[in-house]
Amino acid sequence: MVEWFSSIPHVWQALLATLFTWSITALGASLVFLMKKINKTFMDGMLGFAAGVMIAASFWSLISPGIAMADSLGINSLVIAALGFLCGGLFLFIGDNIYKEYNRRHPKRKNESKNESFKRCLMLITSITLHNIPEGMAVGVAFGSLAYGLDGATLASAIALAIGIGLQNFPEGSAVSFPLRREGYSRWKSFLYGQASGVVEPIAGVLGAILVIKMRFILPFFLCFAAGCMIYVVIEELVPESQTNKQKDMMAIFTLIGFVVMMVMDIALG
């Protein structure tokens with residue numbers, strides 16, 4: 001299986017990897033069929049673990065190969081790494097603030113009609129869907145960069161990155177399906193909307209892989225850009241959300257474990 005996967009074109013690898021991350025979103029959304037409530041400690045621990053994986057992946061799978069390629073192309077690696085990383089973070093920062101401004105201009109009413117309730121749920125779906133685009137691109141870029149045989153860019157690291165993103169997609173699927181269920185939607189509709197929030201990842205993953213393969217000179221920037229997006233997500237969403245748990249110290253341990261797991265997969269298997 002591993003030999004077959006490593007032998008197929010990198011664009012197809014990116015597609016399969018992002019189909020996997022989408023399937024994890026669907027798996028999280030499917031919990032709406034099994035339970036009325038999700039154990040908060042379990043979900044927070046998963047978020048903390050995913051945060052650690054993504055922090056480690058940002059360096060070993062994205063920034064380090066990006067610097068190596070910039071040097072090989074004769075580009076100033078310091079400028080590219082810093083610029084790409086900051087642009088990735090600013091991209092999500094601007095998106096978040098546009099969304100917040102929209103919410104400010106369209107405040108929720110206390111007595112909402114069914115249409116207003118649907119609009120609120122649609123905004124939730126849209127925000128998580130937009131958030132998944134850079135994650136899909138990060139996976140696509142990681143697999144696309146394998147075409148150049150860069151130091152640090154290995155199949156194991158790309159797979160580990162996909163696994164890390166998949167793990168943090170699990171609670172995102174639930175974050176959509178359960179609120180919809182609370183609003184009175186059927187379990188099937190809640191599930192369908194929840195899994196749909198991850199459908200953009202395969203599209204973004206394939207696009208990211210094609211871009212870096214066809215346009216090699218932009219690869220160093222895109223690798224660091226993807227890293228900036230991921231770190232922003234970790235700082236803005238994953239860590240703060242996991243730290244709402246009363247067992248904050250335990251959530252921190254899960255983050256450390258996630259980091260170590262990614263580091264071992266990347267260094268030892270790479």
Side-chain angles (χ1 to χ4, degrees), residues 5 8-34 38 43 46-47 50 53-54 57 88 91-92 94-96 98-99 102 117-144 158-183 185-213 222 225-226 229-230 232-234 236-238 241:
F5 186 77
I8 64 176
H10 299 301
V11 173
W12 283 100
Q13 291 176 347
L15 175 61
L16 292 176
T18 46
L19 284 174
F20 162 76
T21 61
W22 177 21
S23 72
I24 300 301
T25 303
L27 186 63
S30 70
L31 289 182
V32 76
F33 293 113
L34 304 177
I38 307 177
M43 299 300 286
M46 181 171 292
L47 286 173
V53 169
M54 291 173 70
F91 173 74
L92 290 194
I94 292 170
D96 272 354
I98 290 174
Y99 179 67
Y102 179 85
S117 174
F118 176 76
K119 184 175 75 173
R120 185 179 67 212
C121 293
L122 183 62
M123 289 169 60
L124 172 63
I125 296 169
T126 301
S127 64
I128 292 182
T129 300
L130 291 174
H131 156 83
N132 284 335
I133 293 175
E135 292 181 356
M137 288 197 70
V139 175
V141 167
F143 280 96
I159 292 174
L161 175 59
I163 292 173
I165 289 179
L167 284 173
Q168 65 98 32
N169 279 356
F170 186 87
E172 287 180 359
S174 301
V176 174
S177 63
F178 275 85
L180 287 173
R181 180 60 178 160
R182 283 199 302 267
E183 296 293 344
Y185 291 91
S186 68
R187 294 184 188 275
W188 270 108
K189 278 191 175 180
S190 300
F191 166 74
L192 289 174
Y193 282 123
Q195 62 83 30
S197 65
V199 73
V200 294
E201 290 197 354
I203 300 171
V206 170
L207 179 61
I210 291 174
L211 281 175
V212 299
I213 290 174
F222 265 111
F225 181 92
C229 289
M230 289 178 60
Y232 183 89
V233 170
V234 169
E236 177 70 14
E237 298 185 26
L238 301 189
E241 183 64 26

So which atom in A209 and which in A14 form the shortest heavy-atom distance, rounded to 0.1 Å? CB-CB, 3.8 Å
If you apply the rule side chain to side chain donor-acceptor pair (under 3.5 Å), what do you find for Q195 with T25, and how did you get there? CA-CA 6 Å; Q195 62 83 30; T25 303; over 6 Å; no
Could you check, using the six-membered ring where one of them is a Trp, whether W12 and F143 have ring centers closer than 6.0 angstrom? no
Which pair of heavy atoms, one from A162 and one from A17, lies closest together, and at what distance? CB-CB, 4.0 Å
Quick one: CG on L161 to OG1 on T21, what's the gap to the nearest 0.5 Å? 9.5 Å
Hey, does W188 have a side-chain heavy atom less than 4.5 Å from the side chain of F33? yes
With a 4.5 Å heavy-atom cut-off, do Q13 and I8 have their side chains touching? yes
Mind checking side chain to side chain contact (heavy atoms under 4.5 Å, CB included) for L207 and listing every partner two or more places apart, or none if nothing turns up? L211
Please report the shortest heavy-atom distance between C229 and G88, naming the atom on each side. SG-O, 3.4 Å
Side chain to side chain contact (heavy atoms under 4.5 Å, CB included) against V206, all qualifying residues, sequence neighbours excluded: V11, L15, I210
With side-chain contact (heavy atoms from CB on, under 4.5 Å) as the test, would you mind laying out the steps for F225 and V141 before giving the verdict? CA-CA 10 Å; F225 181 92; V141 167; over 6 Å; no
Closest non-hydrogen atom pair, F191 against A26: CE1-O, 3.2 Å
Student check: side-chain heavy atoms of T18 and I203 closer than 4.5 Å: no
By side chain to side chain contact (heavy atoms under 4.5 Å, CB included) - contacts of S23 (at least two apart): F20
